[in-house]
Structure formats: structure tokens, C-alpha cells
Amino acid sequence: MSKIQRPRGTQDMFGETAARFDHVVETFNRVRKLYGFGRVDVPIFESTAVFARSLGETTDVVSKEMYSFEDRGGDSLTLRPEFTAGIARAYIENGWQQHAPLKVAAWGPLFRYERPQKGRFRQFHQLDAEVIGAAEPAADVEVIALGQQVLNELGVAGDVTLQLNTLGDAETRAAWRAALVAHFSAHMDVLSAESRERLAKNPLRILDSKAEGDRALVADAPRIDAFMTSEAGAFFDSVQKGLQASGVAFVRAESLVRGFDYYRHTAFEFVTDALGAQGTVIGGGRYDGLIGSMGGPDTPAVGWAGGIERLAMLVAAPAVGHVIAVVPDAPEMTEAAAALLLALRRAGLAAEMAYRGNAKRQVEIARKRDTAAIVFVRADGSRHVQHLTGDDAERAALAAAIAGVVA
RNA sequence: GCGACCGUAGCUCAAUUGGUUAGAGCGCCGGUUUGUGGUACCGGAGGUUGCGGGUUCAAUCCCCGUCGGUCGCCCCA
């Protein structure tokens, strides 16, 4: 195909799609400020080492799923596949421990070389919130509560369930992992091919295998609770109590895990079944081991990321804007109409005027553009307001606002 | 990376078991009618049926490849 087209897994967003996306981002920005999360922006590309180090050099993720390239100077760069590694790099590089506990939020594009599916793209977008430099469970609670409030205010909380788990501390995790390996190794014969692979590379992942045959094995696999140190148990307890006190409902998800060793304690996902196989709309957890493993000081941290596209698919279509159309009745009234247009805008009212066409044509255009009201500029100097949308109260409010400008 | 289904006008879709100039609605452009405001009607432009190859007298339709989409698997930082 010689015709030019967008790269696989990318999107051109316009109209309702763009409005939904915008609504998600605006809601996030409003809510994160309520929680005292400042904006942070890090580069869209980083040295490949930033992500390779955070993920472990050997994983498939690094070798197959990152957009990496050499720049003209021969440096290996990578389009960011996640926010956390870049933010951690910035934290270390800029000495942000002076601001700890640092509460930051970001949103923007991320890139992963994957096969596109519903709610999964090669260039996708996420919201992100992190608390860096706080070891207290209150940080976990605050971060999760922020996520819950974003979902509430987007009106999608009813479709979404918070799944909560703990991975314990390093000691807990290591003991549990060893017990899982022993358990599954003893049943190699019934384990699916995929899970036998996982047993070597990432045994915790067997717990969320979709293979029917693995289910029974998973059901009587060792539980993490049996290996929990008293400190780790107390931490998880504290998180759960904090969530209850915050009115955040959750379900325990014992098979919710994270693949990398730097994850500790809290792991959580806000999940929906309304989006097929890609049901996680927000996923996060505590990653106390990451910054240390990247060469920084040992720094506890907790955060989450949420898929903007997925949230945008769940939200109700945003209401159309209250744009006022100004229509000159006759060509001679064009200048007067332009003056009114300017006055409306300076008064803070969204308004527009067609570039061409007679009055009738401009009315047709206005109607097609979901205009809230039309103001006709008549030759006798009067202004006639015609409402197109809204209930009586909205119409009255808009009429009053317009009257204030026209007068 | 693997599998299934799909690809016709700007958009949403038609086109009898393969059959002659590939149609409609919406949108767009023009016109008539109407005329203080969501009118109706007429006309027009617009398609190498994703692309390439094959089978056939004949392909939108069957076969292969390729690109893209959708859904699932894998992966999920």
C-alpha cells in the first residue's frame, strides 16, 4: 500500500474520542491537586539504560517490546514505556530527596511495541501518580484514595473494582516465591506449557494463568499470608484499615502479583469487565526496591498509572460545550456581529461565527455544530436570541449572560 | 510472536449460488422553493472494491501473499 497511513497501533483522536480523552485528563488534573500532587514532566525518551535497568536486562520486555533506537551520536535511546523509571531517574539525578516525600503526577504518551487490541495501543496514554520517599502505609492509602476519587468523579466507579494484595517485604516475598516454585514443580505434568515457561522466568505469574488446567493447581497453591513477617503483616493491615477509614472499598486478590523484585508490599488494580481482556484501568503498587536498584539511595515509593484510553471508553460522552453562534441577518451586519462576537468572548462566553454563507446557511451550520444558542444581529440594531439546547434553567442562565453583554 | 474474523464513496452500509454501466443514506458542492430561522425538492462531484499476484470466458465475491482493523492468546513495566 503506497497510500500514507498512520503507524500500526497509533490513533488519530478527534471529536467525541478527543473530548472523552480531554475529560479524563482534566478530571485527573483537578483531583490530583486536591491531594497535593504537583505536576512533574520527564522526557518522552530516555537513555535505554533507564528502562533496561529498571526492568532487568534480560527480560523479553526489554528486548522485544521497547521502541529503542540509536541517535546520530550513537547513543541508544528509548521511547518511554512507563512513567516510573523516568521519574525515578529524575529523582536521583536532581537530588529530589530534599523534597521527600515527593508527591507528583504526570500524564502523557507511552510506547510499547505490542499487538494492538481493544484498549491497547503502541502509542497509548496514561495518568500517573507517585509518592517517593515515604515508607508509611498512609502513602499507599492516599495514592489509592486519589485513584478512587478520580474514578468517582469520572462516573465510572460503579463499573470498577479495587483489587488489593500484598507482596510482603523482601523476606516474605522470597519465602513465598520459593514455596510456589516447589508447589508447581511438583505438578509439572499438569502445568500448561505457558506456565512451565513461567516457572523458570516468573513463577508468581502462574497465579493469574488463564489456562483451565492451571486453575486447580493455583487454587491450592501456598498463600502469601502463611509466609508474612510480622512487619509485613502489620503494614498490610494498616493499609487495609486506612482504606476502610477512607471509605475505599476493595476485595482481596491473592493472585494479584507483580513480576519484578523491586515491588514490595501493596499491589493493587482497579479492574473492570467492561473492556474485554484489557480490564485494568489503574494499576499500581509499592516499589521500595526500584530507586536503589537504579543506583540511587534506598528510597521507598508507591504509585499507580491509569490508562487514559481505557478510562475514556468507560466514561459517558461529555456534554457538548455551550457555544453561542453569532449570525448577522444581512451582510451589512457582519461588522456589528463581529463586534458582538468579540464582546461575548471577552466576557468569558464561548462564541463563534461562520466564515461564510448567508443567514440561513449560517443557521444550518450552527445547528450542525451542536450550538447552545444563536444570537441574530438584526438590521434594526436589535439582537434576537434563539435557544437550541438546554432546559429552562440553562436557557435562562445563558440568556442572562448574553443580555449582560448585549446591553 | 501465535490464532480467528474483517477491509466496497469522506462516514455508515448494500450488491441474489462468481455475470454486463458497483448502489443507498448521511455528508459535501450547486440550484429551485420557503423566508425571523431545525423546510422540501432537483441536480452534481466523489470508488483502480486496502495493495500485489493467481484461478476463470468473467472476480467486490474463490485462492496465496502483504498492509491495516477487530477479538482472543502470549506479555503486561
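- Taking every side-chain heavy atom of N202(A) into account, rC76(B) is the closest of rG72(B), rG37(B), rC76(B).
- Under 3.5 Å, the side chains of Y287(A) and E130(A) contain a donor-acceptor pair of N or O atoms.
- With a 3.5 Å limit on both pairing distances and Watson-Crick or G-U wobble geometry required, the stems of 3 or more pairs in RNA chain B span B:1-7 with B:67-73, B:10-13 with B:23-26, B:28-32 with B:40-44, B:50-54 with B:62-66.
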Contact list (N/O, under 3.5 angstrom) for nucleotides 26-32 of chain B vs protein:
unit_1	atom_1	unit_2	atom_2	d
rC28(B)	OP1	K368(A)	NZ	3.4
rC28(B)	OP2	K368(A)	NZ	3.3
rC29(B)	OP2	R361(A)	NH2	3.2

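- If you take CD of E65(A) and P of rA77(B), they are 11 Å apart, rounded to a whole angstrom.
- In this structure, OH of Y262(A) is placed 8 Å from P of rA77(B), rounded to the nearest angstrom.
- In this model, a side-chain donor or acceptor of D329(A) finds a partner on the base of rG37(B) within 3.5 Å.
- Taking 4.0 Å as the cut-off between side-chain N and carboxylate O, D380(A) and R378(A) do not count as a salt-bridged pair.
- D214(A) and S192(A) form a side-chain donor-acceptor contact under 3.5 Å, judged by distance and modelled atom types alone.
- Residue D288(A) comes nearest to R264(A) through the heavy atom pair CB-CG, 3.8 Å, listed as atom of the first residue, atom of the second, then distance.
- Residues meeting the salt bridge (Lys or Arg N to Asp or Glu O under 4.0 Å) test with E269(A), sequence neighbours left out: R258(A).
- Going from the P atom of rG43(B) to that of rG7(B) covers 32 Å, rounded to whole Å.
- Applying the side chain to side chain contact (heavy atoms under 4.5 Å, CB included) criterion to T27(A), with sequence neighbours excluded, gives H23(A), R30(A), V31(A), E153(A), L154(A).
- Against RNA chain B, the stretch residues 76-85 of chain A makes heavy-atom approaches under 4.0 Å through P81(A), E82(A).
- Stacking annotation: F376(A) is stacked on the base of rG37(B) (ring centroids less than 5.5 angstrom apart, interplanar angle below 30 degrees).
- Comparing rC75(B), rG37(B), rC73(B) against the side chain of R198(A) picks out rC75(B) as the nearest.
- Counted by atom type alone, S195(A) and R198(A) present one or more donor-acceptor pairs between their side chains at under 3.5 Å.
- When the salt bridge (Lys or Arg N to Asp or Glu O under 4.0 Å) test is applied to E82(A), no partner is found at least two apart in sequence or on another chain.
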